[in-house]
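Below is one structure, written out as structure tokens; comments come after it.
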Amino acid sequence: MKFHYLLAAVILLTAACSEKADRTLDVVPYPNEVRLRSGNFDIAGATFHLDENLPEYAVSAVADFARQLSKVTGKESAIVSGSSRTGVVLIVDPSLKNEEYHLDTSLKAIVLKASGLNGFLYGLTTLRQMLPVEFFSNEPSQEVEWVVPCSKIIDSPRFSYRGMHLDVARHFFSVNEVKKYLDVMAMHKLNRFHWHLTDDQGWRIEIKKYPELTAFGSIRKETIIGHLYSEQGYDGTPYGEGLWYTQDQIREVVSYAASLGITIVPEIDLPGHMVAALACYPELGCTGGPYSVWTRWGVADDVLCPGKEATFDFIFGVLDEILELFPSEYIHIGGDECPKVRWEKCPDCQARIAELGLSGNDKHAVEFFLQSYVTERVGEYLAAKGRKIIGWDEILEGKLAPNATVMSWRGIEGGVEAARLGHDAIMTPYSHLYFDFYQSENKDAEPLAIGGYSPVEKVYSYEPYVEGMTKEETSHIIGVQANLWTEYITTDSHLEYMLLPRLAALSEVQWCKAEKKDWNRFLESLPVVCQRYGMMGYNYATHCLGQSSVSPEAE
Ligand code: ACM
Ligand code: ZN
């Protein structure tokens with residue numbers, strides 16, 4: 001009799017957990033291997049059992065998870081150390097790859113295995129998205145069935161560098177907004193935040209050796225109205241006073257990001273895009289100025305003068321403090337859009353060219369090789385301190401600095417060429433991955449944007465490998481990033497509108513194997529994904545949900 005009960009129970013359990021292929025999960029980015037079974041794990045009130053070797057930030061992530069679960073289910077979930085056959089069990093498994101996780105849900109237990117912090121964070125993130133959407137709400141929802149579908153997930157990312165960029169120079173975003181930005185990046189398993197901290201129109205990070213950079217370099221006396229090319233004049237309103245991060249705030253954000261498994265890659269854009277610094281230290285320019293923090297958008301002719309040794313003292317002085325603040329192996333040194341017109345006429349620059357014995361070639365004038373000299377010298381400085389440089393694809397012009405990683409933005413060619421030369425590359429072509437572009441062809445109904453058209457579907461369609469590349473070359477494409485420049489974005493709500501849900505599409509480009517991407521599956525999940533954004537307090541665009549979007553300006 002007993003035996004029959006047992007047999008019946010086993011048969012029922014097996015049937016309940018039998019494989020079922022026609023369902024999918026509303027998890028974005030979608031895991032690379034999902035085997036769904038029927039049946040559910042009842043998670044309300046479940047105890048969390050933690051491996052004693054769990055990384056510290058994973059312990060706090062579990063605590064956050066359990067706190068939220070207890071709140072929405074109304075049933076307290078305890079956290080204990082050790083292992084168990086029931087409940088939610090987290091196990092450190094050193095045999096798994098960095099960032100890989102296994103999530104096994106049966107009727108009795110959820111077992112999450114990973115080898116390090118990011119794997120655990122991603123497992124918990126997937127689990128959150130397997131729960132009813134009300135998990136993301138701030139209210140208890142007792143009428144909801146708090147269950148997780150039985151399943152086995154084996155998952156790891158396609159690319160190791162999964163980045164999102166933010167320009168805080170053209171318009172500033174507060175520490176709280178940056179943390180919110182990081183939160184939604186973490187929700188989509190991104191692991192690099194490229195923080196564009198300085199530009200012609202404002203310097204936004206405290207450098208103790210050069211206090212003028214924030215005292216004066218953060219403020220522009222006014223801002224061009226409307227689009228750069230529409231000639232509507234200037235607004236007459238100073239912008240930027242106090243709009244910069246103290247070093248304590250930077251440390252706070254760096255450690256917040258680390259707790260989410262995100263490394264911050266700071267960018268100090270040089271030798272171009274430096275007018276804000278030149279306004280404070282005119283002796284670092286070719287003409288000696290005077291300069292003022294730029295009030296319009298575009299590309300300025302005034303750039304740092306590499307003919308003067310003081311310029312390198314300045315760059316290294318700034319970078320010394322950047323290295324103290326940011327543990328990232330990669331430091332982004334910009335390199336984009338650096339006109340050479342001042343260098344052509346500057347006696348110091350020309351003397352430097354002569355001293356170095358530089359010459360041009362059929363592709364590039366000699367001044368391009370002067371920029372290569374700057375990049376190489378800064379790269380050497382950082383290499384001696386154990387760091388690596390990333391530069392925009394202009395650093396390929398002239399001679400590419402040893403060990404430099406290239407961020408390919410003007411197209412894919414820069415990335416392809418870098419890979420061909422045996423350098424690592426990160427793909428961020430503006431054609432698909434500039435989130436300052438319009439999301440609708442009906443531009444009049446949209447808030448002002450820089451131009452272009454990059455709807456969610458186009459972002460989703462991006463494939464980073466290029467036909468004809470060898471296996472060795474594709475191994476140098478280490479990642480993908482989208483960029484969000486903020487010339488025309490002044491509010492948090494508008495920023496989020498430009499980011500979401502394009503970020504969701506980006507995350508599948510970064511995470512999913514090419515053959516696992518599926519636009520229809522993704523599109524079906526988007527309403528739930530957007531519902532989560534709403535519950536978490538984000539604004540988002542709704543074009544791809546078939547609704548007319550409420551633009552931030554119309555709110
Ligand atoms: C860039 O968009 N200037 C890198
Ligand atoms: Zn010069």
Side-chain angles (χ1 to χ4, degrees), residues 163-170 194-201 228 265 267-275 277-278 281-289 291 294 297-312 314-315 332-356 358 365-371 373-375 390-397 405-415 425-437 449-452 454 481-489:
M164 185 67 222
H165 151 287
L166 176 63
D167 166 17
V168 294
R170 275 53 176 269
H194 172 172
W195 208 356
H196 184 83
L197 290 159
T198 66
D199 215 304
D200 299 312
Q201 299 82 1
L228 174 59
V265 179
E267 180 185 355
I268 302 297
D269 201 346
L270 63 97
H273 287 287
M274 267 285 171
V275 175
L278 289 176
Y281 304 102
E283 64 277 14
L284 305 180
C286 291
T287 64
Y291 308 100
W294 235 31
W297 318 126
V299 177
D301 284 341
D302 287 305
V303 301
L304 290 176
C305 173
K308 300 182 175 76
E309 214 29 45
T311 295
F312 290 93
F314 170 78
I315 293 173
H332 203 304
I333 59 156
D336 59 323
E337 298 175 323
C338 179
K340 311 291 188 288
V341 287
R342 299 286 184 261
W343 296 357
E344 285 162 11
K345 298 210 165 65
C346 170
D348 294 325
C349 285
Q350 293 304 318
R352 176 79 81 182
I353 285 171
E355 170 206 321
L356 295 168
L358 301 179
V366 65
E367 286 77 16
F368 285 80
F369 291 83
L370 185 58
Q371 182 169 346
Y373 163 73
V374 175
T375 311
I390 300 180
W392 299 109
D393 59 46
E394 285 91 334
I395 66 168
L396 281 156
E397 293 163 351
T405 295
V406 172
M407 198 166 257
S408 190
W409 74 277
R410 291 178 295 178
I412 56 172
E413 297 76 15
I426 296 155
M427 300 305 248
T428 175
Y430 73 83
S431 54
H432 292 70
L433 301 180
Y434 267 38
F435 289 180
D436 53 344
F437 278 26
I450 197 160
S454 285
Q481 176 176 293
N483 298 331
L484 191 31
W485 303 99
T486 58
E487 286 94 332
Y488 303 102
I489 301 171

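Counting convention: from 1, in listed order, for ligands and their atoms alike.
Exactly one residue among W409, W392, W485 makes a ring pair (Phe, Tyr, Trp, His ring centres under 6.0 Å) with H196. That residue is W485. Of the candidates H194, H273, H165, H332 forms a ring pair (Phe, Tyr, Trp, His ring centres under 6.0 Å) with just one, namely H194. Put simply, the residue from D348, L284, T287, L278 that forms a side chain to side chain contact (heavy atoms under 4.5 Å, CB included) with C305 is D348.
Here the closest non-hydrogen pair linking K308 and E283 is CD-O, 3.4 Å. Contact detail for Q371 and G335: the closest heavy-atom pair is NE2-O, 2.8 Å.
Less than 2.8 Å away from the Zn ion (ligand 2), the protein contributes these N/O/S atoms: C286 SG, C305 SG, C346 SG, C349 SG.
Counting only heavy atoms from C-beta outward, the side chains of C349 and P306 approach each other to under 4.5 Å.
Every protein residue with a heavy atom nearer than 4.0 Å to ligand 1 is included here: D336, E337, W392, W409, Y434, W485.
In terms of modelled atom types and a separation under 3.5 Å, the side chain of K340 and the main chain of C338 share a donor-acceptor contact.
The line from CE of M274 to CG of D302 is 13.5 Å long, rounded to the nearest 0.5 Å.
Heavy-atom contacts from other residues, nucleotides or ligands closer than 6.0 Å to CZ of F314 number more than 12.
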